[in-house]
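Inspection log for the structure reproduced underneath, given as structure tokens.
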Amino acid sequence: MPQAPGKLFDDHSRHVDRFGLLLGVTVLAVVTLSLVDLRPPDGLAAEAGNLLLTTMVSAMLLLSLRASGVARLPTRIADVIVAVGLVGSATVLVVDVVRDEPLPRFLADARPPLIWLMLAARAPVAVVFRLLQHRRAGRATLAGAVAGYLLIAVVFDFAYQALDGLLDEGFFGHPEPTTSAMYFSLTTITTLGYGDLS
């Protein structure tokens with residue numbers, strides 16, 4: 001059944017409500033963002049790690065849009081943004097391997113750009129909107145709810161990292177590894193709020 005023009009969601013998509021894979025990739029992304037500093041020492045391994053992490057986060061964002069039943073046009077736009085981001089990351093990796101001198105700061109900085117933050121912010125909203133359409137709670141509903149909750153932590157991780165790049169003194173007032181952004185996001189979203197980072 002074709003979707004109506006201008007419609008933001010397609011309830012008849014073949015990927016709709018497949019939240020299990022999304023949950024797995026989201027948990028993997030949260031764990032990786034919690035443990036891997038995106039600004040490690042220079043080198044091929046560091047750039048390859050950033051490319052792998054970018055690929056994983058890209059898959060998480062695209063899976064969230066598809067499992068939520070977001071219509072074809074907005075999903076295709078997200079696909080293009082992600083493809084450009086992945087090609088850019090791969091290009092930086094290749095350039096870094098070929099060049100003898102270090103990359104310029106704006107290329108070497110692995111923090112997510114603002115467009116990734118905007119794309120990531122759509123993901124939990126789309127998941128929650130889809131979950132509100134469920135009339136019965138089942139396995140897919142539970143997986144979607146947990147994935148949506150964790151996606152909120154990822155959005156704030158991206159926001160904190162973006163602010164860290166914009167502020168001269170950094171988001172925490174002093175240099176911190178990028179893993180601190182996910183730690184801060186998780187302690188805030190779980191209402192633990194240890195207060196060791198502020």
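This one's a predicted model, so the numbers in the text were calculated from it and none came from an experiment.
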Query raised in the report: Remaining members of Val80's ILVMFWY cluster at a side-chain heavy-atom cut-off under 4.5 Å?
Result: Val84
Report task. List for me each residue that meets side-chain hydrogen bond (donor to acceptor under 3.5 Å, both in side chains) alongside Thr179, sequence neighbours excluded, and say none if there are none. Result -> none
Report summary line: Here the salt bridge (Lys or Arg N to Asp or Glu O under 4.0 Å) pairs for residues 126-147, sequence neighbours left out, are Asp11-Arg130, Asp17-Arg130
**Report entry** Residues forming a side-chain hydrogen bond (donor to acceptor under 3.5 Å, both in side chains) with Thr188, sequence neighbours excluded
**Finding:** none
**Report entry** For Val30 against Ser34, the heavy-atom pair lying closest together
**Finding:** O-OG, 2.7 Å
Report task. Kindly work out whether a path of hydrophobic side-chain contacts (I/L/V/M/F/W/Y, heavy atoms less than 4.5 Å apart) joins Val82 to Met56. Result -> yes
Report summary line: Phe129 meets the ring-ring contact (aromatic ring centres under 6.0 Å, His included) criterion, sequence neighbours left out, with Phe9
**Report entry** Within one Ile-Leu-Val-Met-Phe-Trp-Tyr cluster: Val146 and Val16, side-chain cutoff 4.5 Å
**Finding:** no
**Report entry** Leu186 CG to Thr190 OG1 distance, which is reported to the nearest 0.5 Å
**Finding:** 6.5 Å
Query - Common cluster, Val154/Ile189, ILVMFWY with side-chain heavy-atom separation under 4.5 Å - result: yes
Query raised in the report: How long is the span from the CG atom in Leu163 to the CZ atom in Phe172, to the nearest 0.5 Å?
Result: 10.0 Å
Distance-only donor-acceptor hits, side chain of residues 58-66, under 3.5 Å, sequence neighbours excluded:
from	atom 1	to	atom 2	distance (Å)
Ser58	OG	Thr54	O	2.6
Ser64	OG	Leu61	O	2.6
Arg66	NH1	Asp79	OD1	3.2
Arg66	NH2	Asp79	OD1	3.2
Arg66	NH2	Asp79	OD2	2.7

**Report entry** Val127 to Gly144 - nearest heavy-atom pair and separation
**Finding:** CG1-O, 3.3 Å
Query - Distance, nearest 0.5 Å, that separates CG of Leu131 from CG of Leu142 - result: 10.0 Å
Query raised in the report: Asp164 versus Tyr160: any side-chain heavy-atom pair under 4.5 Å?
Result: no
Report task. Kindly say whether Val70 contributes a backbone atom to a donor-acceptor pair with the side chain of Thr75 at under 3.5 angstrom? Result -> yes
Query raised in the report: Got a second to check how far Ser180's OG is from His174's NE2, nearest 0.5 Å?
Result: 7.5 Å
Query raised in the report: Does Ala143 have any side chain to side chain contact (heavy atoms under 4.5 Å, CB included) partners at least two apart in sequence or in another chain, and if so, which?
Result: Phe19, Leu23
Requested in this report: Identify, with sequence neighbours excluded, every residue that meets side chain to side chain contact (heavy atoms under 4.5 Å, CB included) alongside Val31.
Outcome: Val27, Leu35
**Report entry** Sequence neighbours excluded - salt bridge (Lys or Arg N to Asp or Glu O under 4.0 Å) pairs with any residue from residues 140-155
**Finding:** none
**Report entry** Shortest non-hydrogen separation from Ala120 to Val155 and the atoms involved
**Finding:** O-CG2, 3.1 Å
Query raised in the report: Is Ile81 reachable from Val25 through a run of hydrophobic residues whose side-chain heavy atoms are each under 4.5 Å from the next?
Result: yes
Query raised in the report: Under the 4.5 Å side-chain heavy-atom rule for ILVMFWY, direct or indirect, which residues accompany Val128?
Result: Leu132
Query raised in the report: With sequence neighbours excluded, what pairs up with Arg18 under the side-chain hydrogen bond (donor to acceptor under 3.5 Å, both in side chains) test?
Result: none
Query raised in the report: Which pairs, with at least one residue in residues 142-156 and sequence neighbours excluded, count as a salt bridge (Lys or Arg N to Asp or Glu O under 4.0 Å)?
Result: none
Query raised in the report: Above 12 or not: heavy atoms from other molecules or residues under 6.0 Å from CZ of Phe156?
Result: no
